[in-house]
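Written out below as structure tokens is the structure these notes cover.
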Amino acid sequence: METRRLPRKFYTRPTLTVARELLGKYLVRPIRPRPFSEKGGANGAKKIVTKKMIGKIVETEAYIGPKDKASHAYQWKITPRNKTEYLEGGHIYIYLCYGMYWQLNITTAKAGQPECVLIRALEPLNGQKRIKNYELGIKKLTNGPGKLCRWIKLDKSFDGEDLTRSKRIWLEDRSDSLPAQIKKGRIVAAKRIGIDYAGKWAKKPWRFYLRDNPFVSRMAGLVIRNRHPQRWRVS
DNA sequence: GTACAGATTGAG
DNA sequence: TCAATCTGTACT
């Protein structure tokens, strides 16, 4: 199977395009569980086991500052918290919400343009064969923006991380597993979640998810058919 | 220093 | 539907 890390040019396009095309891409996160000890042999040497967490992105939301009132960068607002949102496309902007949940965002467009895509849900691949009640058990760990960050162990230390170069997190295409939903050219566009304070911007259909995917956080929206499915192919 | 909102979640 | 939870942010 071939894999390809998404290049810079994938991210530096219009945010709505990136938000739609991120559906079906794979988020890869090698994790080294805290110095994990295993009996390594007669001398008792310790062995470090690296685990690779992988999830297919199935739900996203676009935030297009500075015009978007729901964006942290509305009207060019810039603070210590959201400054990484201004980085060139392909970087991570991560922040803490409600005092306890990290929110993973991927910057888009060119440097200085505060636009990003919130990753809201993943279809986890790791552990697929080991967990019997796979869908019900794993679904609950990644079907929300706060939960998926907990699952792949992200925190403030990832703020500003470059997805095109990082060794601890990146996005990739896979040649052997094109998402059927995308091949069929079907995604759903819906209102974004939790931003009712944003007036007319709250009504924009800037949330995207794979139709009928069981890992999506909340299903509701308008099904849109892609007239140019070839543009949304994963590889 | 103090007040307060919030791109959520999980229980009911 | 509703409230727990707590950091960052803005303001005094």
Side-chain angles (χ1 to χ4, degrees), chain A residues 11 14-20 22-23 25 27 55 57-87 89 91-109 113-124 133 135-161 163 169 171 187-210 213-221:
Chain A
Y11 303 102
T15 304
L16 291 176
T17 300
V18 177
R20 283 188 296 250
L22 276 172
L23 295 178
K25 296 294 188 286
L27 179 59
I57 296 174
V58 299
E59 181 179 348
T60 63
E61 276 181 1
Y63 285 85
I64 309 180
K67 66 179 180 181
D68 177 6
K69 191 173 182 183
S71 166
H72 291 161
Y74 180 52
Q75 295 181 330
W76 299 102
K77 178 181 176 183
I78 183 166
T79 66
R81 178 177 74 151
N82 77 347
K83 66 179 189 298
T84 54
E85 194 178 355
Y86 288 76
L87 293 175
H91 289 80
I92 285 178
Y93 162 43
I94 190 167
Y95 70 93
L96 198 59
C97 184
Y98 292 100
M100 48 189 145
Y101 301 112
W102 293 102
Q103 307 280 294
L104 172 63
N105 293 265
I106 296 172
T107 65
T108 58
Q113 206 61 35
E115 304 184 22
C116 64
V117 175
L118 169 67
I119 305 302
R120 288 191 56 88
L122 297 176
E123 180 178 308
N133 197 357
E135 292 215 344
L136 292 178
I138 294 293
K139 182 166 88 172
K140 296 178 180 175
L141 298 180
T142 58
N143 63 340
K147 293 161 79 176
L148 73 88
C149 283
R150 193 168 53 195
W151 189 64
I152 61 176
K153 305 197 188 305
L154 296 186
D155 58 29
K156 190 69 177 175
S157 74
F158 283 81
D159 198 34
E161 192 90 350
L163 289 167
I169 186 170
L171 293 176
I187 62 173
V188 178
K191 276 175 50 179
R192 292 174 292 177
I193 306 287
I195 52 155
D196 288 340
Y197 58 84
K200 68 175 184 179
W201 299 99
K203 298 175 182 170
K204 300 281 185 186
W206 288 355
R207 170 173 172 245
F208 304 98
Y209 62 84
L210 296 182
N213 188 286
F215 299 92
V216 165
S217 65
R218 292 163 63 179
M219 308 230 201

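Owing to the predicted nature of the structure, the values given are computational and were not obtained by experimental measurement.
Distance, A:W102 CH2 to C:dC6 C1': 12 Å, rounded to whole Å. When the P atom of C:dT5 is taken as reference, atom CD of A:Q103 falls 18 Å away, rounded to whole Å. Rounded to whole Å, the distance from CG on A:D159 to P on C:dG8 is 11 Å.
Using a 4.0 Å heavy-atom criterion, one finds that A:R150 contacts the sugar-phosphate atoms exclusively. A:K191 comes within contact range of no nucleotide atom at all, as no heavy-atom separation falls under 4.0 Å. When heavy atoms are screened at a 4.0 angstrom cut-off, A:E61 is found touching no nucleic acid atom at all. Base engagement by A:L118 is indicated by at least one non-hydrogen atom pair under 4.0 Å involving a base atom.
At a threshold of 4.5 Å between non-hydrogen side-chain atoms, the residues A:D68 and A:R192 count as touching. Contact check for A:P124 versus A:F215: side-chain heavy atoms found under the 4.5 Å cut-off. Between A:V58 and A:L122, the closest side-chain pair of non-hydrogen atoms is not below 4.5 Å. You'll find the side chain of A:K156 reaches within 4.5 Å of the side chain of A:W102, heavy atoms only. A:H91 places none of its side-chain heavy atoms less than 4.5 Å from the side chain of A:T84. A:L141 is not listed as a side-chain neighbour of A:K147, based on a closest heavy-atom distance of 4.5 Å or more. Proximity of A:N143 to A:V216: side-chain heavy atoms (C-beta onward) are nowhere separated by under 4.5 Å.
A stem is defined here as three or more consecutive Watson-Crick or G-U pairs, each with both distances under 3.5 Å; for DNA chain B these stems are B:1-6 with C:6-11, B:8-11 with C:1-4.
Classification of the A:H72-A:Y95 ring pair by plane angle, with boundaries at 30° and 60°, yields perpendicular.
A donor-acceptor pair shorter than 3.5 Å cannot be found between the side chains of A:Q103 and A:Y101.
Taking 4.0 Å as the cutoff to heavy atoms of chain A, we find the contact window on DNA chain B bounded by B:dG6 to B:dG10.
For the pair A:Y101 and A:K156, nearest-nucleotide mapping onto DNA chain C gives the more 5' position to A:Y101.
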